[in-house]
Amino acid sequence: MIVTNIEDFDETDRDIVTENWRSRRMILAREKVGFSLHETTIFAGTTSTFHYQNHVEAVYCVGGSGRITNLETGEVHELRDGSLYLLNGHEKHTLQADEEMRMVCVFNPPVTGREVHDENGVYPLVVETD
Ligand code: 9YT
């Protein structure tokens, strides 16, 4: 069993800070449980494009407000505390934060922590080897 707290990840290699967002990866592929779990903060006033071509992602908003746009259909959905979206079709999307948004994100297959978003917001598929 692993018991931890979000603050334990501060300024570690699991704490990724970019211009638009910060993500602390609490569970990664190296834990070998079949998914990864991240807490992502989307900074107020930012717009980010993501396209997880190799992963399924569920995102549960637990604070703040903004919206997600499905770039494949143009549909826009407001997000606030309690909103959930599931990218079960690898949808390319943008996230706009009016207020800083706090999101709990689950990925399958799990993120290893070595992925880097390319210019299209895509993560390559990276797998752990023993
Ligand atoms: C909201 C969202 O898509 N979060 C994804 C996780 C974050 N970009 C990360 O940990 O790389």
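Read the numbers this way: they start at 1 and go in the same order the structure lists the ligands and their atoms.
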Point to revise | Side-chain touch Ser83/His77, heavy atoms, less than 4.5 angstrom | key: no

Exercise for review: Consider every N or O of Tyr85 and every N or O of ligand 1, then say whether any pair is closer than 3.5 Å.
Suggested key: no

**Study point:** For Glu57, atoms of ligand 1 separated by under 4.0 Å from a heavy atom
**Key:** 2 (C), 3 (O), 4 (N), 5 (C)

**Study point:** ligand 1 N/O within reach of Trp21 N/O, cut-off under 3.5 Å
**Key:** no

Point to revise | salt bridge (Lys or Arg N to Asp or Glu O under 4.0 Å) evaluation trace for Asp98 with Arg80 | key: CA-CA 10 Å; Asp98 297 336; Arg80 58 184 170 81; over 6 Å; no

Check your understanding: Is the number of heavy atoms from other residues, nucleotides or ligands within 6.0 Å of CZ (Arg14) greater than 12?
Key -> yes

Check your understanding: Heavy atom of Arg24 under 4.0 Å from ligand 1?
Key -> no

Exercise for review: Check the pair Arg22 / Arg24 against side-chain contact (heavy atoms from CB on, under 4.5 Å), numbers first and verdict last.
Suggested key: CA-CA 7 Å; Arg22 174 188 191 183; Arg24 282 168 286 183; 3.8 Å; yes

Check your understanding: With under 30° as parallel and over 60° as perpendicular, where do the rings of Tyr52 and Phe50 fit, or are they tilted in between?
Key -> parallel

**Study point:** Thr49-His51 side chain donor-acceptor pair, cut-off 3.5 Å
**Key:** no

Check your understanding: Can you list the atoms of ligand 1 that are under 4.0 Å from a heavy atom of Cys105?
Key -> 1 (C), 2 (C), 4 (N)

Revision key, fill the gap. Counting from 1 in the order shown, the ligand 1 atoms closer than 4.0 Å to a non-hydrogen atom of His38 are 6 (C), 9 (C), 10 (O)

Check your understanding: What do we get for Leu95 next to ligand 1 when only non-hydrogen atoms under 4.0 Å count, side chain, backbone, both or neither?
Key -> side chain

Study note, to complete from the structure: Of Asn20, Ile16, Thr40, Ile42, the residue with the heavy atom nearest atom 4 (N) of ligand 1 is Thr40

